[in-house]
**Q** 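Right, I'll just put the structure down here and ask away after.
Source: prediction; values computed, not measured. Labels below follow one simple rule: chain letters A, B, ... track the order of the sequence lines, proteins then strands, and each chain is numbered from 1.
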There are 2 protein chains.
Amino acid sequence: MSTSDTFFAEVATLLGPRGFTRDADLMAPWLTDWRGRFTGQALGLASPADTAEVSALVRLCAAHGVPIVPQGGNSGMSGGATPDESGDSLLLSLRRMNAIHAIDVEGRKATCGGGVVLQTLHEATEAQGLRFPLTLGGKGSATVGGLISTNAGGSQVLRHGSMRALVLGLEAVLADGSVFSQLTPLKKDNRGFDLKQLLIGSEGTLGIVTGATLRLVPAIADRIVIWAGLASLQAARALLLHCEDGAGEAIEGFEVLPQGCLEAVLAYLPDSRAPLGQAHAWHALIEVVADRAAAEGLRERCEAMMAGAFERGLIEDAALSASEAQAEAFWLLRESVAPAERAKGSAVQHDISVPVERMPDFVDAVVPTIEAAWPGTEAIAFGHLGDGNVHFHVIAPAGSDAGWSAADGKRISREVHDLVTRWGGSISAEHGIGQLKRDELARLGDPVALDMMRRVKAALDPAGLLNPGKLVTLAPPAATA
Amino acid sequence: MSTSDTFFAEVATLLGPRGFTRDADLMAPWLTDWRGRFTGQALGLASPADTAEVSALVRLCAAHGVPIVPQGGNSGMSGGATPDESGDSLLLSLRRMNAIHAIDVEGRKATCGGGVVLQTLHEATEAQGLRFPLTLGGKGSATVGGLISTNAGGSQVLRHGSMRALVLGLEAVLADGSVFSQLTPLKKDNRGFDLKQLLIGSEGTLGIVTGATLRLVPAIADRIVIWAGLASLQAARALLLHCEDGAGEAIEGFEVLPQGCLEAVLAYLPDSRAPLGQAHAWHALIEVVADRAAAEGLRERCEAMMAGAFERGLIEDAALSASEAQAEAFWLLRESVAPAERAKGSAVQHDISVPVERMPDFVDAVVPTIEAAWPGTEAIAFGHLGDGNVHFHVIAPAGSDAGWSAADGKRISREVHDLVTRWGGSISAEHGIGQLKRDELARLGDPVALDMMRRVKAALDPAGLLNPGKLVTLAPPAATA
């Protein structure tokens, strides 16, 4: 037998028929990312049943020098879970490790496998009167392990933080197969470097997340969704501060979109209607929630808060959701922005952030800059104002699909990334780097931080077997090599 | 000139007369830690004025192979800022870098140098109607840089987290003199490993903290301190959950002490009096605070909460502070536990944590275990129940000072650390490792985590020049070498 035959035989013995396949049809769905941007090849698809199997598998891979691409729900935005085209690596799915081991109602925490799907976690915690306060569009497929590896965000970061803030305990298999095991959380522990935080957001390049203990919060007893019409993004920022002063931590979400976005959504969604009677330059969607202890008088507090905002000249109009159905309807408008804009034609999309206080001026500056440099394009910014995180789409000129090439998109993205870097921002606010932005990170990232990342990567995965080609390459960029 | 003379001349030229001294009298106060446990020697005392000087100094040290021991207020608990006895290293004081560069009232953040003293930061933020929500006994000397390097805790961690949770932006000089510069915070940034969190709590072994941007919260508009008498520590845990259900994030502190502790404090403090009429097995001090938006009805809510606790049988008695003076008086009792216990005779002290829910049973188990193993000793546990963090003191048998040796203390500590490890806890909850617990960490720490720390340390400081001999040694323990 050749080396690789030996390897395959060992993997098959280790994982059994449910845990390993080389069948092309079975592998195919997992070799292309869900947006269809990247397609790779793999030696095989391994689906271990537990941490011990992951550990043994990684040891086998290390012994044979086989690279590993870990994958959760395959719903990432940056190709971080898609192998390269060489076909040299093993695709390692965590999806079978989908058990919720414990929900500690009193201690408000849940311990589960890395393969648990976010929606499953939501349902299981809600059944216990609690909730896991992170959600996003891909919740039906995204897994806990993937969410941790990418430090996922979503629409509740304003109050609860991104995934990083919600992980109390972590288990991960390292490049040599050893198991980093800190599932039992200690509220205070000062025994050296925060290795847990180092692993979170490392996109599978330092370790494979096999399990986690996650923070839960009380279930929502009441919520009001406010739709407000505004004259400017500066007013939206002032409104956010006004609301935080008035309602503090009850503000869970603060989303903004321009009038043009709302119109695109209304045209795209059948039977939809505008929340307010008139047009406004900008719209804000504000989610205010209360648990049982704080639910009393929530509506009155929201009404007083918006009356104050009107008096201060911050808003032009506002509507409070009168029912849960209307709250959902408001959110549906916000969540339909991306598909509605996609329906207009091909678009170059960016997930960027700037310091929160600079976001209004940044958007006011970058939209005309891009539209002037690429005549006929439409640049739109919408998203999480409270986090300084804006999704910035540049839509191709109408009817230009033929002349609009990937090269145009790349040039536009370079310009957007240059601008955001000049404004002290990030080229990846919440979607991660993966393979999509790896070269842009190498081009624009702080050389000191990049050097630290390369050193840490080389120290913890000297053979470069964990998710190669993602996030940060081991070699420094050619220009400085 | 010898190599070292060249080095000294270069340092003197770089830093000027205010920035460098080799005078033994000037150096002496900084060569012994404040508890007087460790005394070292140093080549000289460098006090750079800004980050550029720190960077240039570190480059000089790197070129000459001179180790560096960074120091803030010299009020650490584990000897982490005291050089060893070789006299080979340079003591680097950050105390001159004590400027508060900006307080952003709207954005609720402050940017300052690493040498800013905590109390100075408190005063400056209070003057702006805000507060920095971390405090501890050494606030008059502890610096921001030291607090970050040690991930300091204190009595408000329950609500606001330890230092790690309060650092929005960080600047640090690395082992090669390069400057890691992330002072401008981005609320969302997914460009790879969280290097900021890696540096926080690394005790100066990976980088020297020269500046930070810190999270501020609204000033306290009202507070109530509740003193409750309890039958057991289990009841205290149930009371904490009861209060969190009732008052949520208004609970900033939850401290516990046994009756014996309170009696020692009352005997030690002149003119002090017990808050409650009778003795109780355990006492809880609960700090409930409200900012302007939440201050209305705080007292009524606290009264209702404690009435509910009484009805549920969780407490035997309780008193609410009727004035700020009484609130301070309650806290003075709590803060006098350590000096009152020290007044009883020599004691071996431990700063340990276990999973929060296990703390009552742990204390009930460990106190009799230690007292039985060392007859005549008195073991007392008190501290931050809400964080699972207990300060555990073992007091020498009365009149035994002659027979009570350092060796006894070491044996007791080994036993306590063995016990806490068996309970899934930490041998350092908030005081760090430094040189005090370095060998215990090597003995009891998870080998996988220790190996990761050694690899990261070697990657970022290959010559081992940053705070050598602290936290984690580069060589693995002899048994496994």
**Q** With side chains defined as the heavy atoms from C-beta onward, is the minimum distance between Val448(A) and Val179(B) less than 4.5 Å?
**A**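 Side-chain contact under 4.5 Å: no.
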**Q** What part of Arg438(B) gets closer than 4.5 Å to chain A, counting heavy atoms only: side chain, backbone, both or neither?
**A**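 Neither part; nothing is under 4.5 Å.
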**Q** Ignoring hydrogens, what is the shortest heavy-atom contact between Ser353(A) and Lys188(B)? Give both atom names and the distance.
**A**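 Reported closest heavy-atom pair: OG-O, 2.7 Å.
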**Q** Heavy atoms only, distances under 4.5 angstrom: which of Ala165(A), Ala429(A), Gly153(A) has the most pairs with chain B? Name it, please.
**A**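 Looking at each of Ala165(A), Ala429(A), Gly153(A) in turn, Ala429(A) comes out on top.
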**Q** Only heavy atoms, only distances under 4.5 angstrom. Which residues in residues 191-202 of chain B are near chain A?
**A**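 From residues 191-202 of chain B, the residues near chain A are Arg191(B), Gly192(B), Phe193(B), Asp194(B), Leu195(B), Gln197(B), Leu198(B), Leu199(B), Gly201(B), Ser202(B).
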**Q** With a 4.5 angstrom heavy-atom cut-off, could you sort out which part of Arg237(A) is near chain B: side chain, backbone, both or neither?
**A**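 Arg237(A) touches chain B through side-chain heavy atoms alone.
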**Q** Among Glu357(A), Glu430(A), His384(A), who wins on heavy-atom pairs under 4.5 Å with chain B?
**A**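 Looking at each of Glu357(A), Glu430(A), His384(A) in turn, Glu430(A) comes out on top.
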**Q** Counting only heavy atoms closer than 4.5 Å, note whether Thr184(B) contacts chain A via side chain, backbone, both or neither.
**A**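 Just its side chain gets close to chain A.
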**Q** So what's closer than 4.5 Å to chain A heavy atoms on Asp245(B): side chain, backbone, both or neither?
**A**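 Both backbone and side chain.
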**Q** For chain B, find which of Arg164(A), His431(A), Arg108(A) contributes the most heavy-atom pairs closer than 4.5 angstrom.
**A**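 That would be Arg164(A).
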**Q** Find the one option among Glu244(B), Glu106(B), Arg292(B), Arg358(B) whose heavy-atom pairs under 4.5 Å with chain A are most numerous.
**A**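 Option with the greatest count: Glu106(B).
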**Q** Does the side chain of Lys187(A) come within less than 4.5 Å of Asn389(B)'s, by heavy atoms?
**A**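 No, every pair of side-chain atoms sits at 4.5 Å or beyond.
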**Q** Side-chain contact, heavy-atom cut-off 4.5 Å: Ser178(B) with Met452(A)?
**A**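 Of all side-chain heavy-atom pairs linking Met452(A) with Ser178(B), none is under 4.5 Å.
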**Q** Name the region of Leu158(A), side chain, backbone, both or neither, that has any atom closer than 4.5 Å to a heavy atom of chain B.
**A**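 The answer is both parts of Leu158(A).
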**Q** By a 4.5 Å heavy-atom criterion (distance strictly below it), what part of Ile433(B) contacts chain A: side chain, backbone, both, or neither?
**A**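 Both parts, backbone and side chain.
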**Q** May I ask you to test the Leu186(A)-Pro355(B) pair for a side-chain heavy-atom distance under 4.5 Å?
**A**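 Answer yes - side chains close enough.
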**Q** So what's closer than 4.5 Å to chain A heavy atoms on Leu206(B): side chain, backbone, both or neither?
**A**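 Side chain of Leu206(B) only, per the 4.5 Å heavy-atom cut-off to chain A.
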**Q** Below 4.5 Å from any heavy atom of chain A, which atoms of Ile427(B) appear? Answer side chain, backbone, both or neither.
**A**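 Contact with chain A: backbone and side chain both.
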**Q** For the side chain of Asn190(A) and the backbone of Thr150(B), is there at least one donor-acceptor N/O pair under 3.5 Å apart?
**A**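 Flag set: sc Asn190(A) to bb Thr150(B) pair under 3.5 Å.
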